[in-house]
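Everything numeric in this text was worked out from a predicted model, so none of it was measured. The chain is numbered in sequence order, starting from 1.
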Amino acid sequence: QVQLVESGGGLVQPGGSLRLSCAASGSISSINAMGWYRQAPGKQRELVARVRSSGTTNYADSVKGRFSISMDNAKKMVYLQMNDLKPEDTAVYYCNAWLRTNVYNPVSEYWGQGTQVTVSS
């Protein structure tokens, strides 16, 4: 059983910063990629940022230059540093991982429960 547990969400004023963390636990053989998605009320879930085990990253255009993703593969953790937050960043942020539970299984996708980020004055 694989679990992804997010932390670090909360209420912040516009222009402020938050750091989200996500810890993967359980039977994990290898991690291909980890990332963050978000879903605002009435909108579809969208990719915010992703980092591959190779170190390659990609970001949504709306967060480039403000957000930074990093992964500690040994600790099975991914982080999202969010700076210069805007009200439009308000959403539930979900941790996402593509991983194997053992060398014989295919790579599968897993999701965390989500953490609320609210940007408001």
How far apart are the closest heavy atoms of Lys43 and Gln39, and which atoms are they?
O-NE2, 3.1 Å
For Arg66, salt bridge (Lys or Arg N to Asp or Glu O under 4.0 Å) partners two or more places apart
Asp89
Which residues satisfy the side chain to side chain contact (heavy atoms under 4.5 Å, CB included) test with Asn102, sequence neighbours excluded?
Tyr104, Asn105
If I compare all heavy atoms of Pro14 with all of Ser121, which pair ends up nearest, and what's the gap?
CD-N, 3.7 Å
With sequence neighbours left out, write down each residue that passes side chain to side chain contact (heavy atoms under 4.5 Å, CB included) with Ser17, or none if nothing qualifies.
Gln81, Asn83
Can you list the residues that meet the side chain to side chain contact (heavy atoms under 4.5 Å, CB included) rule with Ser27, with sequence neighbours excluded?
Thr101
Fellow cluster residues of Tyr94, listed by chain then number, with links counted only when side-chain atoms sit under 4.5 Å apart
Tyr37, Leu47, Val92, Trp111
Only pairs at least two apart or in different chains count here, so list each disulfide bond (SG atoms under 2.5 Å apart) that has a residue in residues 32-121.
Cys22-Cys95
Between Ala40 and Thr90, what is the shortest heavy-atom contact and its length?
CB-O, 3.7 Å
Would Lys76 and Ile31 count as a side chain to side chain contact (heavy atoms under 4.5 Å, CB included) if you check the C-alpha gap in whole Å, the side-chain angles of each, and the deciding distance to 0.1 Å?
CA-CA 8 Å; Lys76 300 183 179 63; Ile31 298 175; 3.9 Å; yes
Here's a test for you: under side chain to side chain contact (heavy atoms under 4.5 Å, CB included), which of Leu20, Val51, Asn96 qualifies with Trp36?
Leu20
Is any side-chain heavy atom of Asp84 less than 4.5 Å from a side-chain heavy atom of Lys86?
yes
Minimum heavy-atom distance between Leu18 and Val117, given as atom pair plus value:
CD1-CG1, 3.9 Å
The criterion is salt bridge (Lys or Arg N to Asp or Glu O under 4.0 Å); which residues satisfy it with Asp72, sequence neighbours excluded?
none
According to a 4.5 Å side-chain heavy-atom criterion applied to Ile, Leu, Val, Met, Phe, Trp and Tyr, with indirect links allowed, do Met77 and Leu99 form part of one hydrophobic cluster?
no
Which residues pass the salt bridge (Lys or Arg N to Asp or Glu O under 4.0 Å) test with Lys64, not counting sequence neighbours?
Asp61
Met34 and Ala24 have their tightest heavy-atom pair at CE-CB, 4.3 Å
Please collect all ring-ring contact (aromatic ring centres under 6.0 Å, His included) contacts where either partner lies in residues 54-89, sequence neighbours excluded, each pair once.
none
Checking Leu11 now: which residues fulfil side chain to side chain contact (heavy atoms under 4.5 Å, CB included) with it, not counting sequence neighbours?
Thr118, Ser120
Does atom CD of Gln44 have more than 12 heavy-atom neighbours, drawn from other residues, nucleotides or ligands, at distances under 6.0 Å?
no
Starting from Val107 and following side-chain heavy-atom contacts under 4.5 Å between hydrophobic residues (I, L, V, M, F, W, Y), which residues can be reached?
Trp98
With salt bridge (charged side-chain N to carboxylate O under 4.0 Å, His left out) as the rule and sequence neighbours excluded, what pairs involving residues 46-57 come up?
Arg38-Glu46
